[in-house]
Amino acid sequence: MDEEKILRKYARKADPQSLPPTIRFEYDEHTLTVYDAYPKSVFHFLILPRIVPPLTAGRLASLRTLLQGDKAQAKEVLDRLDAAAKIVREQIEAEMLNRFGYKWSIWTGFHAVQSMEHVHLHVISSDLCSPSMKNKKHYNSFHPEHGFFLPLEEILSWPEAEPSWYATMSELRPSQYEPFLKESLSCWRCYKEFKNMPLLKEHLQEEWDAEAKRERARLERKQKLEQDRLKKADRGESPSAKRQRESSPSDPEPKRQRADSPSQSTQD
DNA sequence: GTTCTAGAAC
DNA sequence: GTTCTAGAAC
């Protein structure tokens, strides 16, 4: 089987369950999520639209062929990928907490010019630390500033835009995007430039380590505050003193979890 | 997409 | 001399 058409082969499977678990992550009626065979980050998945009528292999050959076809159909495919990506991100975040004790950002988007046939949405953690991250092209294809990586959120807004603008964007001309891959090696977090990949990789690892340290310390402070609050509450401390501590300025991030659910306080 | 490798860069 | 890149081959 032609290596280049490997994704199309997966997307064609009537029964994705038959794919080995080393390749298959999960699937639903319209999408299939696989592990990237050469992950460029700690977490790196590809979400493929499955080839189910009326969708054809030709229509799903690339993001370009999808966008240049029926607009409503394109929108539907993108929405299904979006829904699948949300679920994958939740699972990645759970795994981040399990294995690393904190969560870091996850990017969801397409390469403007894909190298493997068949539409595939990248869901990739922002560390960009992986043995398979080997050259400038690899790195720049995910650099959030260079423009080669197209966030799904952005593409979802295209069909709502001016039709002539939509048509222009849908061309996804390689000549427009390929130069982005040749830009100098700069850290996407601090913009510092590096002479070669080994030096950049070393720096990316340091950035990620620093983030881990920062985030773990922040979570610890938060948990300690919470424990103290509960202790004080048990002793019947005045509600006003409690409120004062709760509005701690060191933790501006809004949290989904209510502070008064002690049963879950270790997870966050 | 990867592997291989010649020659540039250091 | 060794490391690294980048283009060709697959």
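Source: prediction; values computed, not measured. Throughout, protein chains are lettered first and strands after them, A, B, ... in sequence-line order, and every chain is numbered starting at 1.
The separation between A:L199 atom CG and B:dC10 atom P is 11 Å, rounded to whole Å. With rounding to whole Å, A:K195 atom NZ is found 10 Å from B:dC10 atom C1'. C:dT5 atom P lies 15 Å from atom NZ of A:K182, rounded to whole Å. Between the CG atom of A:L185 and the C1' atom of B:dA9 there is a distance of 15 Å, rounded to whole Å.
Side chains of A:S132 and A:H138: no donor on one and acceptor on the other come within 3.5 Å. For the residue pair A:E171/A:Q176, the side-chain donor-acceptor check at 3.5 Å is not satisfied.
Residues A:W188 and A:F149 place their aromatic rings such that the two centres sit no closer than 6.0 Å.
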Quick test: give all pairs of protein nitrogen or oxygen and nucleotides 2-4 of chain B nitrogen or oxygen below 3.5 Å, distance rounded to 0.1 Å.
residue	atom	partner	partner atom	Å
B:dT2	OP1	A:K40	NZ	3.3
B:dT2	OP2	A:H138	NE2	2.6

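Taking only side-chain atoms of A:K136, from C-beta outward, the nucleotide of B:dG1, C:dT5, C:dA6 with the closest atom is C:dA6.
Applying the ring pair (Phe, Tyr, Trp, His ring centres under 6.0 Å) test to A:Y166 and every residue at least two apart in sequence or in another chain returns nothing.
Remark: side-chain polar atoms of A:S41 are not paired, donor with acceptor, to backbone N or O of A:H44 under 3.5 angstrom.
Ion pairing of A:K86 with A:D82 is present here, as a side-chain N (NZ or NE/NH1/NH2) and a carboxylate O approach within less than 4.0 Å.
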